[in-house]
Amino acid sequence: MDFNKSESVTFRKTDVLNDFPYSELQLSDIERAKDIIRTFEGIATFEPKFLLVTYWKRMVPKQKTFIDTSISSFQLVLVSDGLSTYFINIYPKDLMQWQTVPINRSYGDTNQPVAVWIGYSDEGRVSPQSKSYKKDALRMDIKSKSIIFIQNNGYLAVDGMLMKPLTIPGDWQTHDALDCILWYNQHVENKDNYHHIMASAMPPCPCDLTLARFDPWFWRIRRSLRWPWWQSNTDVDDNDIICVDMWHRPYFDPYGK
């Protein structure tokens, strides 16, 4: 592809580790990917946790065998729930318009060879798509199909989409780390509310060592304090501030310690 003449290549990602809470666009991407996997793969519990959407927009072919004014647009989606990973090629209708330069022949095939490879390579595994290097590769929006099997032995074909698993189904049954992260994200609001409620129930902290010396709960903390190596504990005066976390406990009513 001639990137000097093409319009753009863009991508966006969704990552359960770094992007939560998600934006509206990320939520939209998650719902679309989830719907595709659940519909075509029949995995009713699939919940995307990692998502990459790459968009090649109005790409111009670089090989001289193509008409240099012809353009094509297409997308690649990588999606994983931490257990299963899929790639989805999306070819929007009527946006695959690459054309080869006709060969001036009086007989035989007048079309140039199609120098387009479709597929994926992963850690030495190469999986080409059957339409690679063929004329159909130029019109994947109408020449590619994904099949949904429905009741009564019927099926529904969707043009312009190819999907393939990158992992072996059932290879991973659970992923404890991701389950823990998902649980935390779902309940982080409760954590914040808890801190707010507990903070509002506490009396104002005096932040004063003079007053703290009269607090028997502080005596034990004071003995375990570690001063910076450059500072002796004799350098600390009554105006210094020491922060101590105080947590509510029922048997420390009314305020807790």
Side-chain angles (χ1 to χ4, degrees), residues 1-15 18-19 22-41 48-80 85-105 109-122 125-148 156-166:
M1 289 177 281
D2 190 335
F3 291 100
N4 292 323
K5 297 179 180 179
S6 301
E7 183 166 328
S8 63
V9 179
T10 58
F11 73 90
R12 58 185 184 269
K13 70 174 183 68
T14 300
D15 181 349
N18 301 303
D19 295 334
Y22 303 127
S23 68
E24 290 187 8
L25 180 57
Q26 288 174 323
L27 288 172
S28 176
D29 286 341
I30 288 173
E31 287 302 314
R32 291 183 181 182
K34 178 170 67 176
D35 183 61
I36 290 173
I37 300 301
R38 289 187 177 190
T39 300
F40 285 86
E41 293 296 306
K49 296 183 178 68
F50 303 95
L51 187 67
L52 175 66
V53 181
T54 307
Y55 183 26
W56 289 264
K57 184 177 182 181
R58 298 178 64 83
M59 304 305 293
V60 176
K62 191 171 185 178
Q63 297 96 323
K64 298 301 182 183
T65 54
F66 290 96
I67 298 175
D68 59 7
T69 57
S70 61
I71 58 175
S72 287
S73 299
F74 45 92
Q75 289 182 316
L76 171 67
V77 178
L78 288 173
V79 58
S80 177
T85 302
Y86 297 85
F87 82 78
I88 308 169
N89 289 112
I90 300 174
Y91 305 97
K93 189 175 185 302
D94 296 331
L95 294 185
M96 296 292 295
Q97 299 291 338
W98 283 348
Q99 300 178 44
T100 54
V101 177
I103 300 175
N104 187 16
R105 287 177 177 171
D109 189 2
T110 59
N111 293 311
Q112 294 273 13
V114 177
V116 175
W117 184 85
I118 303 170
Y120 76 90
S121 175
D122 175 43
R125 295 182 302 163
V126 179
S127 178
Q129 213 277 334
S130 61
K131 294 179 174 55
S132 295
Y133 305 114
K134 299 177 181 178
K135 287 181 62 177
D136 286 351
L138 303 180
R139 292 304 311 271
M140 292 294 286
D141 54 330
I142 59 176
K143 296 297 183 179
S144 62
K145 298 181 185 295
S146 289
I147 306 298
I148 307 174
L156 177 65
V158 177
D159 292 336
M161 187 174 76
L162 290 177
M163 184 171 62
K164 189 175 183 67
L166 296 178

So Ile36 and Ile88, do their side chains get closer than 4.5 Å, heavy atoms only? yes
Between OG on residue Ser6 and NZ on residue Lys62, distance to nearest 0.5 Å: 10.0 Å
As a quick check of understanding, evaluate side-chain contact (heavy atoms from CB on, under 4.5 Å) for Thr100 and Leu138, giving each step before the final call. CA-CA 9 Å; Thr100 54; Leu138 303 180; 4.1 Å; yes
Does the pair Val116 and Tyr133 meet the rule for a side-chain contact (heavy atoms from CB on, under 4.5 Å), with working shown? CA-CA 5 Å; Val116 175; Tyr133 305 114; 5.9 Å; no
After noting the C-alpha distance and the side-chain angles of Leu78 and Leu166, does the key distance pass the side-chain contact (heavy atoms from CB on, under 4.5 Å) rule? CA-CA 9 Å; Leu78 288 173; Leu166 296 178; 3.9 Å; yes
Side chain to side chain, Glu41 and Tyr86, heavy atoms closer than 4.5 Å: yes
Which value, rounded to the nearest 0.5 Å, describes the distance between Lys135 atom NZ and Lys143 atom NZ? 8.5 Å
Only counting residues at least two apart or in another chain, list the ones meeting side-chain contact (heavy atoms from CB on, under 4.5 Å) with Gln63. Pro61, Thr65, Phe66, Ala115
Check for a donor-acceptor pair, side chain of Ser80 on one end and backbone N or O of Phe50 on the other, with a separation under 3.5 Å. no
Just to verify, what does Val9 make a side-chain contact (heavy atoms from CB on, under 4.5 Å) with, not counting sequence neighbours? Phe3, Thr54, Trp56, Met59
If I take atom CZ from residue Arg58 and atom OG from residue Ser8, how far apart are they, to the nearest 0.5 angstrom? 10.0 Å
Contacts of Gln75 that satisfy side-chain contact (heavy atoms from CB on, under 4.5 Å) - sequence neighbours left out: Val53, Tyr55, Ile90
Test item: Lys134 and Val114 side chains (from C-beta on) under 4.5 Å apart, heavy atoms: no
Within 6.0 angstrom of Lys34 NZ, more than 12 heavy atoms from elsewhere: yes
Tell me whether Ser73 contacts the main-chain N or O of Leu95 through its side chain, where contact means a donor paired with an acceptor under 3.5 Å. no
Residues in side-chain hydrogen bond (donor to acceptor under 3.5 Å, both in side chains) with Ser132, at least two apart? none
Side-chain touch Ser28/Arg32, heavy atoms, less than 4.5 angstrom: yes
When you measure from the side chain of Ser72 to the backbone of Trp98, do you find a donor-acceptor pair of N or O atoms at a distance under 3.5 Å? yes
By side-chain hydrogen bond (donor to acceptor under 3.5 Å, both in side chains) - contacts of Lys145 (at least two apart): Asp159
Taking the side chain as everything from C-beta on, heavy atoms only, tell me whether Val77 gets closer than 4.5 Å to Leu51. yes
Going by side-chain contact (heavy atoms from CB on, under 4.5 Å), name the residues that satisfy it together with Asp94, two or more places apart in sequence or in a different chain. Gln97, Arg139, Asp141
Measure the CZ-CG distance between Phe87 and Asn89 for me, rounded to the nearest 0.5 Å. 5.0 Å
Kindly indicate whether the side chain of Leu162, heavy atoms from C-beta on, has any atom under 4.5 Å from the side chain of Met140. yes
Nearest 0.5 Å please: distance from the CG atom of Asp35 over to the CD1 atom of Ile30. 13.5 Å
Side-chain contact test, heavy atoms from C-beta onward, threshold under 4.5 Å: evaluate it for Tyr91 versus Ile118 and give yes or no. yes
Can you tell if the side chain of Lys13 reaches within under 4.5 Å of the side chain of Asp19, non-hydrogen atoms only? yes
Could you measure the distance from the CG atom of Asp68 to the CG atom of Asp2? Nearest 0.5 Å is fine. 9.0 Å
